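Computed from a predicted structure; not experimentally measured. All residue numbers in this chain count up from 1 along the given sequence.
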Amino acid sequence: MKALVTGANKGIGFEIARSLGKRGYDILVGARDEARGRAAVEKLVAEDLQAAFIKIDLNDLDSLREAAKRVDSLDILVNNAGIPDSAKPGRAPLDIAKPTMDYTTEDLRTTMETNFLGTHELIKNLLPSLTDSAKIVNITVPISPTDFWHPLAYITSKAALNVMTLTFAYEFEKMGSHRQIFGIMPGAVATDLNGMEAGGHGGFVKSPEAAGELSTDIIVSGKNQNGQIIQYDGKIVTDYEIQLRG
Ligand SMILES: NC(=O)c1ccc[n+]([C@@H]2O[C@H](COP(=O)([O-])OP(=O)(O)OC[C@H]3O[C@@H](n4cnc5c(N)ncnc54)[C@H](OP(=O)(O)O)[C@@H]3O)[C@@H](O)[C@H]2O)c1
């Protein structure tokens with residue numbers, strides 16, 4: 001059994017890779033930086049897990065096409081790699097957004113290129129390499145604006161990702177395919193993406209290890225989850241449309 005996880009050199013991606021490895025999968029550690037990717041492979045191998053590096057840079061579409069040619073018999077593809085919308089070194093925790101009206105076209109373009117267009121290109125090119133019952137998993141977020149959080153570029157890119165999840169799922173269903181595509185929302189997790197601390201916000205913020213385990217439980221569940229957007233606790237999001245605050 002083989003799984004490819006993008007952005008697997010750190011954060012949630014590394015922990016999903018590790019958790020899948022512990023459950024018997026050979027892991028392809030997708031990373032855009034070879035040194036960081038190989039360092040993650042070494043950590044997994046040191047735990048007696050099967051892992052190999054594959055260069056996956058979501059901003060280099062040609063390299064994604066080339067990478068896909070080197071993959072076969074893939075059982076699980078986890079599209080985890082992603083960026084917040086205005087990440088700056090030294091930013092405060094949760095400061096991944098700026099006032100909505102301050103966003104530029106460039107902010108939107110950068111985030112869409114990585115979180116949506118690159119991921120789409122990878123999925124499309126890997127389709128011939130997937131097994132008949134393969135699972136494609138897109139790591140995502142809630143997209144409704146809240147008082148707590150509504151970073152325009154980030155949630156716009158994830159909304160596009162979610163629409164892709166739903167439309168590919170529809171096609172799989174229509175074709176009578178046994179393949180599945182679904183989204184997982186890991187909830188708030190303490191990673192470099194947001195600068196939060198595990199256990200923060202009254203215990204609301206999870207460690208990457210916990211997020212990796214919870215996500216992997218969902219990924220390997222024997223259920224048909226095609227077309228679902230699933231929260232870390234297993235709750236299926238049924239009111240997917242944007243909820244405007246009343
Ligand atoms: N943390 C949360 O609270 C939270 C909540 C819900 C969903 N998520 C989602 O979970 C996923 C992982 O985020 P994280 O929190 O683990 O953040 P993270 O620690 O910052 O990890 C992000 C990963 O994505 C990779 N990446 C970024 N841009 C890339 C590109 N152009 N090509 C290839 N890889 C790229 C990074 O590689 P480098 O090391 O090279 O930068 C890194 O491996 C993201 O999709 C995020 O939206 C996170």
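- Both Ile143 and Val237 are part of a single hydrophobic cluster, where members link through side-chain heavy atoms under 4.5 Å apart.
- In this structure, Asn9 and Ala31 approach most closely via the heavy-atom pair OD1-CB, 3.8 Å.
- Smallest separation of non-hydrogen atoms from Val205 and His201: CG2-CD2, 3.9 Å.
- Under a hydrophobic-cluster definition in which Ile, Leu, Val, Met, Phe, Trp and Tyr are linked whenever side-chain heavy atoms come within less than 4.5 Å, directly or via other members, Val45 and Met1 are assigned to the same cluster.
- Looking only at distances, a side-chain donor or acceptor of Asn80 sits under 3.5 Å from a matching main-chain atom of Gly7.
- One hydrophobic cluster holds both Tyr25 and Val29 under the rule that ILVMFWY side chains link at heavy-atom gaps under 4.5 Å.
- Here the CD-CD distance, from Glu173 to Gln180, works out to 10.5 Å after rounding to the nearest 0.5 Å.
- Between the side chains of Thr165 and Asn138, at least one donor N or O lies within less than 3.5 Å of an accepting N or O.
- In this structure, the separation between CG on Leu161 and OG1 on Thr156 is 12.5 Å, given to the nearest 0.5 Å.
- Nearest heavy atoms, Ile219 versus Val78: CD1-CG2, 4.0 Å.
- Between the side chain of Thr110 and the backbone N or O of Glu106, at least one donor-acceptor pair lies under 3.5 Å.
- Side chains of Leu49 and Ile27 form no contact here, defined as non-hydrogen atoms less than 4.5 Å apart.
- Applying the side chain to side chain donor-acceptor pair (under 3.5 Å) test to every pair with at least one member in residues 120-130, sequence neighbours left out, gives these pairs: Arg65-Glu121, Glu121-Asn125.
- The closest side-chain donor-acceptor pair between Thr140 and Asn162 falls under 3.5 angstrom.
- Put simply, the side chain of Thr119 reaches to within 4.5 Å of the side chain of Met164, judged on heavy atoms.
- In terms of modelled atom types and a separation under 3.5 Å, the side chain of Asp26 and the main chain of Gln50 share no donor-acceptor contact.
- At least one donor-acceptor pair closer than 3.5 Å links the side chain of Asp107 to the backbone N or O of Thr104.
- Under the 4.5 Å side-chain criterion, counting only non-hydrogen atoms from C-beta, Leu193 is not in contact with Ile12.
- The two residues Ala17 and Ala8 have their closest heavy-atom pair at CB-CB, 4.3 Å.
- Closest non-hydrogen pair, Ile218 versus Tyr232, comes out as CD1-O, 3.9 Å.
- Between atom CD1 of residue Ile181 and atom CG of residue Leu130 there is a gap of 9.5 Å, rounded to the nearest 0.5 Å.
- Counting only heavy atoms from C-beta outward, the side chains of Leu58 and Glu113 never approach each other to under 4.5 Å.
- For the atom pair NZ (Lys55) and CZ (Arg38), the distance works out to 10.5 Å, reported to the nearest 0.5 Å.
- Checked by atom type and distance alone, the side chain of Asp75 never pairs as donor or acceptor with a backbone atom of Ala3 at under 3.5 Å.
- Using a 4.5 Å heavy-atom cutoff, the side chains of Ile123 and Leu77 are in contact.
- Checking side-chain atoms of Asn194 against main-chain N and O of Val189 turns up a donor-acceptor pair under 3.5 Å.
- Taking the side chain as every heavy atom from C-beta outward, Leu214 and Asp233 never approach each other to under 4.5 Å.
- One finds a salt bridge joining Glu213 and Arg23 here, because a Lys/Arg side-chain nitrogen approaches an Asp/Glu carboxylate oxygen to under 4.0 Å.
- The neighbour count for Asp132 CG, taken as heavy atoms of other residues, nucleotides or ligands under 6.0 Å away, does not exceed 12.
- Looking at Tyr103 and Thr111, their side chains never come closer than 4.5 Å, going by heavy atoms from C-beta outward.
- The distance from atom CG of Asn79 to atom CG of Asn115, rounded to the nearest 0.5 Å, is 11.0 Å.
- By the criterion of side-chain heavy atoms lying less than 4.5 angstrom apart, applied directly or through intervening Ile, Leu, Val, Met, Phe, Trp or Tyr residues, Leu166 is not grouped with Phe182; the two fall into different hydrophobic clusters.
- Rounding to the nearest 0.5 Å places CD1 of Ile236 at 11.0 Å from CD of Gln231.
- A heavy-atom distance below 4.5 Å is not found between the side chains of Thr131 and Lys2.
- When every heavy atom of Arg70 is checked against every heavy atom of Ile54, the shortest pair comes out as NH2-CG1, 4.3 Å.
- Under the 3.5 Å distance criterion, the side-chain polar atoms of Lys135 are left unmatched by any main-chain donor or acceptor of Gln225.
- Residues Leu127 and Leu64 share a hydrophobic cluster, clusters being chains of Ile/Leu/Val/Met/Phe/Trp/Tyr side chains in contact below 4.5 Å.
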